[in-house]
Amino acid sequence: MGPLRGDARIVGFSDIVDGTRIAAGGLSDFATGLVNPSVRLGVTGLSRAGKTVFITALVNALLKGGRFPAFEALSGGRITRCYLEPQPDDTLPRFAFETHVKALSGEARHWPESTSRISQLRITAEYTPVGFLARNLGSGRIHIDIVDYPGEWLLDLPLMRMSYAEWSATTVAASRVAPRLAHAGEWHALLSSLDHVRAADEQDAISSAEVFTAYLARCRKDDVSLSTLPPGRFLMPGDYKGSPLLAFAPLDVSPGTVFTKGSLGALMERRYQAYVSTIVKPFFYGHFARLDRQIVLVDALTALNAGTSAVNDLQHALADILTCFRQGSNSILSNLFGRRIDRVLFAATKADLLHHTSHDRLENILKVIVADAMTRAEYSGADIEVAALAAIRATREASVKQKGETLECIVGTPLNGEALGATHFDGATEAAIFPGDLPSDPEKALNGSLEGSLKFVRFRPPLPKDGAWPHIRLDRAMEFLLGDRFQ
Ligand code: GDP
């Protein structure tokens, strides 16, 4: 079980006071929404899941067009014009779309810099509505506000319902079982030397935070690939890098511990509470609670390759995420402002690392993972869809005959420094790679049998063709997330 599972409702009565704080953003959304319809699309996923690449490819598709048959408004020619506009929230950094396109273009092209904090981009679309009446009313215009934020921050939301002592006890308990245990040695050694009743010492708090963060980072590495590792800002600090707000860590205490004034426990508790009230709550009310649609990108392939623990932890992470999207969980906000997330897409990214014969299988595996997470979260809420996609397809396919056997391979240019077994790639030579097959029975993939069996390398990004990058099923994702808004 992940350390922070719980069916806590994210918004409760005591949060109404905090809820009023969203008024600035929420009310202005509401007022402007009356004049110009808008849709706020949240894009999230853990670090390296593919958020930056997804947003860049999606915005580029809207601006430049391309082959997107399943996105009817675009393929049917009803979207007549799209352009970028100044974003509505002056306090948010702008998503660096142009910089990312530049990174992905030309001979020296490379993958863009990944998401490390929240950012936003507004794209305005003009379109011809479907239907006689609507058509006679003239053309439609909609603002699409894309909000990119680290999934690590979303996994912090359950902290709003936990005391410092409860969080400490759960986190320490989880670190005492495999696979976390193998990576917790240094932190456990430090933990055993700290007593919560000793006098508060800033140095203890700082070194605890450093050693605890190093433990979280080890649990996140590809070969372990755990997902539920809050506090999210420890791995993804955003603008809080080096801030005293992050100078705390769990202590080895029982969930009901009461800390005495001036003690190390009291100092850690105060910092934890400040983290929740200054970082987690404002993120929830200021950004998350104002979204209409959400895509959660999942690097399922890395988790499957890392084994059962990683897949189980992913399931727990998705269940935590689903509690945030539960119908009514942000009902105070939806009552006030008419906003609520009504569609959520879970998407397994980088499907181009597999042969197309495995794409449906990847989708089915994610379906089972999400269905399990839905049961755990006793979920009933927004419409949920699942997809396997590649926002930018870096490979093509080929059948290779080897020792009388035909292997369905993918072909691309592995990045310089990538290696498979004894083969090292130079960044210029194409290679055909047999990545392995996913089993047709999704349950088989979830029992850890794939551990270490898939062969992945990072490929050089492809050049755009007629302005757009090749992709896998990006159009289906766009249709689900945005299609109905162009009716
Ligand atoms: P973020 O941390 O969620 O913003 O992740 P990025 O979008 O920066 O993606 C992380 C890395 O994953 C990229 O640098 C690419 O190497 C890889 N990646 C992301 N999307 C794709 C894709 O569609 N196909 C392939 N082959 N690789 C991808």
Side-chain angles (χ1 to χ4, degrees), residues 41-71 74-75 82 84 95-105 109-115 119-121 123 144 146-151 293-302 343-356 358-360 362-363 366 385-397 410 412-413 415 435 456-483:
L41 169 65
V43 179
T44 197
L46 294 177
S47 163
R48 322 264 330 143
K51 300 178 288 295
T52 309
V53 172
F54 175 83
I55 297 172
T56 307
L58 176 123
V59 172
N60 191 68
L62 286 167
L63 291 178
K64 305 244 179 78
R67 255 188 59 74
F68 296 92
F71 183 37
L74 193 61
S75 62
C82 279
L84 297 174
F95 180 82
F97 172 70
E98 294 81 0
T99 311
H100 299 326
V101 170
K102 201 165 162 218
L104 282 158
S105 308
R109 65 191 177 279
H110 54 274
W111 294 103
E113 201 177 312
S114 299
T115 301
S119 67
Q120 188 185 47
L121 191 70
I123 180 159
I144 304 168
I146 300 176
V147 183
D148 172 26
Y149 65 93
R293 300 278 156 94
Q294 177 69 57
I295 178 165
V296 181
L297 300 172
V298 181
D299 189 352
L301 291 176
T302 305
R343 286 188 184 191
V344 183
L345 179 64
F346 287 95
T349 51
K350 311 178 197 178
D352 59 328
L353 300 185
L354 294 172
H355 190 262
H356 77 266
S358 284
H359 293 166
D360 282 345
L362 179 58
E363 214 160 274
L366 187 60
E385 206 27 281
V386 165
L389 57 81
I392 295 188
R393 178 180 196 158
T395 65
R396 43 182 222 282
E397 298 185 344
I410 52 169
T413 309
L415 292 180
F456 298 128
V457 291
R458 299 209 311 142
F459 290 96
R460 190 174 185 216
L463 278 173
K465 218 170 149 190
D466 299 329
W469 288 282
H471 65 92
I472 296 168
R473 301 180 182 179
L474 178 60
D475 50 344
R476 275 179 38 190
M478 292 167 83
E479 180 65 27
F480 176 74
L481 292 169
L482 303 170

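Count residues from 1 along the sequence.
You'll find the side chain of L62 reaches within 4.5 Å of the side chain of F71, heavy atoms only. Residues R460 and R109 meet the side-chain proximity criterion, which asks for heavy atoms closer than 4.5 Å. Inter-residue side-chain proximity for N60 and L104 is flagged as unmet; no heavy-atom pair is nearer than 4.5 Å. Within the 4.5 Å cutoff, no side-chain heavy atoms of R293 are placed close to those of L482. Side-chain contact between V59 and L84 is present, with heavy atoms from C-beta onward closer than 4.5 Å.
Within a 6.0 Å radius of CZ in R67, no more than 12 heavy atoms belonging to other residues, nucleotides or ligands are found. A 6.0 Å sphere centred on CD of E113 holds no more than 12 heavy atoms belonging to other residues, nucleotides or ligands.
Note that CG of L301 and CG of L366 are 10.0 Å apart. Values are rounded to the nearest 0.5 Å. Here the straight-line distance linking atom OG1 of T115 with atom NE2 of H100 works out to 7.0 Å at 0.5 Å rounding. With values rounded to the nearest 0.5 angstrom, T413 atom OG1 is found 8.5 Å from F459 atom CZ. Atom OG1 in T56 sits 10.0 Å away from atom CD in E98 (nearest 0.5 Å). With rounding to the nearest 0.5 Å, the separation of CG in L415 from NE2 in H110 is 11.0 Å. Between L389 atom CG and L345 atom CG the span is 7.0 Å, to the nearest 0.5 Å.
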* **Test side-chain contact (heavy atoms from CB on, under 4.5 Å) applied to T349 and F54, step by step** => CA-CA 9 Å; T349 51; F54 175 83; over 6 Å; no

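Nearest heavy-atom pair across E479 and A70 is OE1-O, 3.1 Å. The shortest heavy-atom contact between C82 and L63 is O-CD2, 3.5 Å. Minimum heavy-atom separation, A391 to A57: O-CB, 3.5 Å. Closest heavy-atom contact between I472 and A351: CD1-C, 4.1 Å. When all heavy atoms of A394 and P462 are compared, the closest pair comes out as CA-CD, 3.9 Å. Minimum interatomic distance between A103 and P112 (heavy atoms only, all atoms of both residues): CB-CA, 4.1 Å.
Taking the six-membered ring where tryptophan is involved, the planes of F68 and H471 are essentially parallel, since the angle between them stays under 30° and well short of 60°.
When each of L121, V296, I295 is checked for a side-chain contact (heavy atoms from CB on, under 4.5 Å) with V43, only I295 meets the rule.
E397 places no side-chain N or O within donor-acceptor distance of the main-chain N or O of H355, the cut-off being under 3.5 Å. For H359 (side chain) and L354 (main-chain N/O), a donor-acceptor pair under 3.5 Å exists by modelled atom type.
Every residue two or more places apart in sequence or in another chain that forms a side-chain contact (heavy atoms from CB on, under 4.5 Å) with K350 is listed here: D299, D352, L353. With sequence neighbours excluded, the residues forming a salt bridge (charged side-chain N to carboxylate O under 4.0 Å, His left out) with E363 are R473, R476, listed by chain and number.
No hydrogens or angles considered: nothing links the side chains of S114 and T52 as a donor-acceptor pair under 3.5 Å.
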